[in-house]
Visitor: 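Once you've had a glance at the structure underneath, I'll fire off some questions.
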Protein chains: 2
Amino acid sequence: MQRYFTITQLTQEFDITTRTLRFYEAQGLVAPTRRGRQRLYTPGDRTRIKLILRGKRLGFSLNEIKEMIEMYASAPGETGQLRLLLDKIAARREELLEKQRDIELTLLELDEVEAGAHARMSELDTSSLSEDV
Amino acid sequence: MQRYFTITQLTQEFDITTRTLRFYEAQGLVAPTRRGRQRLYTPGDRTRIKLILRGKRLGFSLNEIKEMIEMYASAPGETGQLRLLLDKIAARREELLEKQRDIELTLLELDEVEAGAHARMSELDTSSLSEDV
DNA sequence: CCCTCTTTTTACGTTAAAGTCAATACATCA
DNA sequence: TGATGTATTGACTTTAACGTAAAAAGAGGG
């Protein structure tokens, strides 16, 4: 029942290169199993890759992404470790909330620029008395 | 009525280095005026710097940020330019909305990890019969 | 079994975004 | 006016995240 993905399947699905996947492996972000020397990616590996790409879209570094993935994967035993984990979670959450606010502001500004552009366009339309086809 | 900021004031306010500000200037992202050789930043320059840093937090490259800032600053004359501007705005908006979705997902996952950690902690608490002070 | 095609490994190159260092240039304050 | 501190400029270095190229090793097909 274990379905595997080849490296090229994944590069095509996610539009990345083999170099990229091997680099992520070298950084300890994924660890595909091997059939001989060939890499075989499990669905779990595929999920990790999705997480990595999502992290990248949000502007996190590979090191930060690695930390987050390890947070998901770990089941730390003792209380000290758990407190530390909770702290890390809180910190990440703060960052994400800040990014959310940043996005809101940027979207608002885009709205303004767009409104200005539309205004300018209708000016041009009426002044030139031209008609769109 | 024109208040100026020195470079060190801004580095302290935004926790960046002078090298960074001069680099942004070399890239055409800000253009402070000069008193002799010394740089003087206007409130407008300061705003641009804020925009740059916000863009960076969202994972945009300096080139992308430059484009966005120029979108704000420009008042393009002809219709073709305006259409192009509207297209760029639409594209940016898409990116930002994707980032929003990415953030939502990541926050949900953090919630799960946190819930798991809390569960694990209460297990440890009851099993050890210890009390917090 | 040979040929072709894909994968892997190794190594060096590249780009963005600064960091670091050295040499001047100003400015000020005692 | 000389010392002291801050700014500027230019050059070289660094780091992250890959790109690119070359050589060797399998994989499958006829």
Side-chain angles (χ1 to χ4, degrees), chain A residues 2-42 45-46 48-70 92 95 99 102, chain B residues 3-42 45-46 48-70 92 95 98-99 102:
Chain A
Q2 265 282 37
R3 176 75 181 101
Y4 288 112
F5 303 94
T6 72
I7 195 169
T8 30
Q9 278 177 0
L10 294 181
T11 61
Q12 288 167 4
E13 175 174 2
F14 296 118
D15 194 31
I16 53 182
T17 68
T18 58
R19 180 69 179 88
T20 299
L21 281 179
R22 288 194 271 260
F23 182 73
Y24 292 164
E25 182 177 349
Q27 303 303 306
L29 288 166
V30 273
T33 56
R34 301 289 180 117
R35 180 176 56 192
R37 352 176 81 206
Q38 193 180 357
R39 291 168 174 82
L40 292 180
Y41 294 84
T42 66
D45 292 326
R46 183 168 162 281
R48 286 170 91 97
I49 294 170
K50 275 196 198 178
L51 288 178
I52 296 170
L53 298 178
R54 200 167 76 198
K56 291 216 66 189
R57 283 197 300 272
L58 292 177
F60 289 109
S61 73
L62 290 184
N63 276 331
E64 293 171 312
I65 293 170
K66 187 179 178 184
E67 246 200 77
M68 297 183 67
I69 289 185
E70 283 167 357
R92 278 292 167 232
E95 277 184 75
K99 282 179 201 284
D102 286 333
Chain B
R3 177 76 181 96
Y4 288 112
F5 304 93
T6 71
I7 195 169
T8 31
Q9 278 176 359
L10 294 181
T11 60
Q12 286 166 6
E13 175 174 2
F14 296 118
D15 194 32
I16 53 181
T17 68
T18 58
R19 180 69 179 89
T20 299
L21 280 180
R22 287 194 273 261
F23 182 73
Y24 291 165
E25 182 177 348
Q27 301 305 306
L29 289 165
V30 273
T33 56
R34 301 288 180 121
R35 179 175 56 194
R37 358 176 75 206
Q38 192 180 358
R39 290 169 175 81
L40 292 180
Y41 293 84
T42 66
D45 292 327
R46 183 168 162 280
R48 285 171 92 94
I49 294 170
K50 275 197 198 178
L51 289 179
I52 297 169
L53 299 178
R54 200 168 78 197
K56 291 215 66 187
R57 284 197 299 273
L58 292 178
F60 290 108
S61 74
L62 290 185
N63 276 331
E64 292 172 313
I65 293 170
K66 188 179 178 186
E67 244 199 78
M68 296 183 67
I69 289 184
E70 283 166 358
R92 280 290 168 234
E95 276 185 75
E98 184 184 22
K99 282 180 201 285
D102 285 334

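Everything quoted here is computed from the prediction, not taken from an experiment. Reckoned from all heavy atoms, side chains included, excluding hydrogens, waters and symmetry mates. Residue numbers begin at 1 in each chain, while the letters A, B, ... track the order of the sequences.
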Visitor: Distance check needed: D:dA7 C1' versus B:Q12 CD, whole Å only.
Guide: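 Rounding to the nearest Å, CD of B:Q12 and C1' of D:dA7 are 14 Å apart.
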
Visitor: Has A:K99 got its NZ or CZ under 6.0 Å from the middle of the six-membered ring of A:F60, at an angle within 45 degrees of the ring axis?
Guide: yes

Visitor: What is the distance, to the nearest angstrom, from the CG atom on B:L53 to the P atom on C:dA17?
Guide: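 Checked: the CG to P distance equals 13 Å.
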
Visitor: Please report, rounded to the nearest Å, how far the C1' atom of C:dA18 is from the CG atom of B:D15.
Guide: 14 Å

Visitor: Would you mind telling me which residue lines up with the more 5' stretch of DNA chain D, B:L40 or A:N63, judged by nearest nucleotide?
Guide: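 Closer to the 5' end of DNA chain D: B:L40.
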
Visitor: Which pair of non-hydrogen atoms, one from B:T17 and one from B:T11, has the smallest distance, and what is that distance?
Guide: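 Nearest heavy atoms, B:T17 then B:T11: C-CG2, 3.7 Å.
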
Visitor: Looking only at the side chain of A:S61 (C-beta and beyond, no hydrogens), which of the listed nucleotides D:dA17, D:dG26, C:dA18 gets closest?
Guide: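 It is D:dA17.
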
Visitor: Near DNA chain C, counting only heavy atoms under 4.0 Å, which residues of residues 23-33 of chain B show up?
Guide: B:F23, B:Y24

Visitor: Just compare C:dA17, C:dT7, D:dC18 and give me whichever is closest to any side-chain atom of A:K56.
Guide: D:dC18

Visitor: Considering all heavy atoms of both residues, which atom of A:I52 and which atom of A:L62 are nearest to each other, and what is their separation?
Guide: CG2-CD2, 4.1 Å

Visitor: Can you check whether A:T8 has a side-chain N or O nearer than 4.0 Å to OP1 or OP2 of C:dT6?
Guide: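 A:T8 to C:dT6 OP1/OP2: no side-chain N or O under 4.0 Å.
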
Visitor: What heavy-atom pair brings B:E25 and B:P32 nearest, and what distance separates the two atoms?
Guide: OE1-CG, 3.6 Å

Visitor: Could you state the CD1-C1' distance from A:I7 to D:dC18, rounded to the nearest angstrom?
Guide: 14 Å

Visitor: Does A:T20 place a side-chain N or O at less than 4.0 Å from the phosphate oxygens OP1/OP2 of D:dA17?
Guide: no

Visitor: With a 4.0 Å cutoff (strictly under), does any side-chain N or O of A:R34 reach OP1 or OP2 of C:dT9?
Guide: yes

Visitor: Using a heavy-atom cut-off of 4.0 Å across all strands, would you classify A:T17 as base, sugar-phosphate, or nothing?
Guide: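 Sugar-phosphate, no base atom in range.
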
Visitor: Less than 6.0 angstrom from the centroid, inside 45 degrees of the normal: does B:R46 satisfy that with respect to the ring of B:Y41?
Guide: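 B:R46 over B:Y41 ring: no.
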
Visitor: Without decimals, in angstroms, what is the distance between A:R39 CZ and D:dA27 C1'?
Guide: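 After rounding, the gap between these two atoms is 16 Å.
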
Visitor: Which heavy atom in A:V30 sits nearest to a heavy atom in A:D45, and how many Å separate them?
Guide: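 A:V30 and A:D45 have their closest heavy atoms at CG1-O, 4.0 Å.
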
Visitor: Using atom CG of B:L21 as one end and atom P of D:dT8 as the other, report the distance to the nearest whole Å.
Guide: 10 Å

Visitor: Which nucleotide in the set D:dA7, C:dT7, C:dG19 lies at the smallest distance from any side-chain heavy atom of B:Q38?
Guide: D:dA7

Visitor: Starting the side chain at C-beta, find the nucleotide from C:dT9, C:dT7, D:dT9 nearest to B:R22.
Guide: D:dT9

Visitor: Expressed as a whole number of angstroms, how long is the span from B:R37:CZ to D:dT6:C1'?
Guide: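 Going from B:R37 (CZ) to D:dT6 (C1'), I get 13 Å.
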
Visitor: Is there a side-chain contact between B:R34 and B:R39, using heavy atoms and a 4.5 Å cut-off?
Guide: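 Touching, per the 4.5 Å side-chain cut-off.
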
Visitor: Roughly, in whole Å, what's the span from CD1 in A:I16 to P in D:dC18?
Guide: 9 Å

Visitor: Looking at A:R19, does any N or O in its side chain come under 4.0 Å of the phosphate oxygens OP1/OP2 on D:dT20?
Guide: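 No, because none of the side-chain N or O atoms of A:R19 sits under 4.0 Å from OP1 or OP2 of D:dT20.
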
Visitor: Around atom CZ of A:R35, are there more than 12 heavy atoms from other residues, nucleotides or ligands closer than 6.0 Å?
Guide: no

